[in-house]
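Note: hydrogens, waters and symmetry copies are ignored here, and every other heavy atom, side chains too, is used.
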Amino acid sequence: MTGFLDLLALGSVQRAAFALLLGAIGLPIVGVVIIGLDIVPVRFAMMHIALLGIAFGLLTGVDPLLCAVVACGLSGAGLAPLARSSTGLSGAMGLLMSLAIAAALLLLSISGVNAAGAFELLWGSILATRTGDVVLLAVLAVVVPGLFFLRREQLALLLHDRELAACSGVRVERLTTVLLVLVAIAVAGAIRLTGALLVDALTLLPALAARRLAHSLTGMAAWAVGIGVVVNLAGFTLALLLDQPPGPVLVLLAGVIALAAHLIPERRTTAWQSSPHEAVSPH
């Protein structure tokens with residue numbers, strides 16, 4: 001126990017814990033959007049785009065993770081016109097991933113940087129969290145919940161039926177673009193904490209568990225944030241106690257909670273997708 005308390009006194013550990021707490025506020029709501037828009041493949045594409053951004057940063061000497069965030073944000077905006085149908089978006093994902101990984105490897109070859117070094121950044125390191133990473137997560141912790149609750153009725157319509165949302169006066173194209181940019185930036189921002197390959201622990205898994213437990217879209221967001229806080233803080237503490245890498249521990253804990261939630265009998269009011277009015281109101 002003394003060793004554990006000594007770890008908690010370290011600045012890097014405190015910064016990592018604070019970053020995980022901030023991540024638990026904004027990133028699970030991003031997972032709700034991913035599920036609602038049915039754009040799960042987007043996060044895989046953003047991982048490849050992030051690698052391209054990292055490669056560009058290593059070539060130019062600019063902060064690689066800053067380049068990854070910018071690249072992902074621009075890609076998210078560029079994907080918005082393709083989000084009119086899941087087929088168009090999924091097809092673009094395959095092309096985008098192939099081009100991104102090829103361009104990244106070419107840039108790494110030109111720069112003379114060992115590709116293993118770039119891929120190491122994709123694995124992430126919570127204890128290597130920097131002040132800039134915390135600032136990005138703090139911004140997401142404010143912007144994502146703020147946008148969600150200010151535009152929850154429009155979001156409910158969009159996630160329920162795109163055409164219905166357009167007929168109801170929702171600016172579908174603009175809102176979709178904003179959501180895709182936030183998803184892309186959030187995925188890039190989570191890379192430092194768990195690594196690109198484990199981003200689901202911070203975004204998708206809490207949202208999947210919340211979907212089973214919630215009556216409404218707002219309730220799903222609240223459940224997702226609550227589960228995210230528990231997973232991040234409990235998983236990080238458990239990893240420190242067991243002297244294990246935090247990323248995999250977070251994923252396993254989030255996965256267990258998601259599986260446990262799906263073992264609970266489904267409620268008679270089945271979730272927020274059945275009606276746009278149910279998506280906003282808990283009744």
Original post:
Given Val33, which of Val183, Leu182, Leu158 fulfils the side-chain contact (heavy atoms from CB on, under 4.5 Å) condition?
Top reply: Val183
Original post:
Looking at Leu136, Val30, Val143, Val144, which hits side-chain contact (heavy atoms from CB on, under 4.5 Å) with Ile185?
Top reply: Leu136
Should [X] and [Y] count as side-chain neighbours, where that means a heavy-atom distance under 4.5 Å?
X: Val13; Y: Phe236; result: yes
X: Ile25; Y: Pro145; result: yes
X: Leu27; Y: Leu140; result: yes
X: Arg130; Y: Asp63; result: yes
X: His48; Y: Leu99; result: no
X: Phe18; Y: Leu137; result: no

So, does [X] use its side chain to make a donor-acceptor pair with the main chain of [Y] at under 3.5 Å?
X: Arg212; Y: Ile264; answer: yes
X: Asn232; Y: Val229; answer: no
X: Arg152; Y: Thr218; answer: no
X: Ser168; Y: Leu164; answer: yes

Original post:
Does atom CZ of Arg151 have more than 12 heavy-atom neighbours, drawn from other residues, nucleotides or ligands, at distances under 6.0 Å?
Top reply: no
Mind checking whether [X] and [Y] sit in one hydrophobic cluster, side chains of I, L, V, M, F, W, Y counted as touching below 4.5 Å?
X: Phe149; Y: Leu147; answer: yes
X: Ile34; Y: Phe148; answer: yes
X: Val139; Y: Leu180; answer: yes

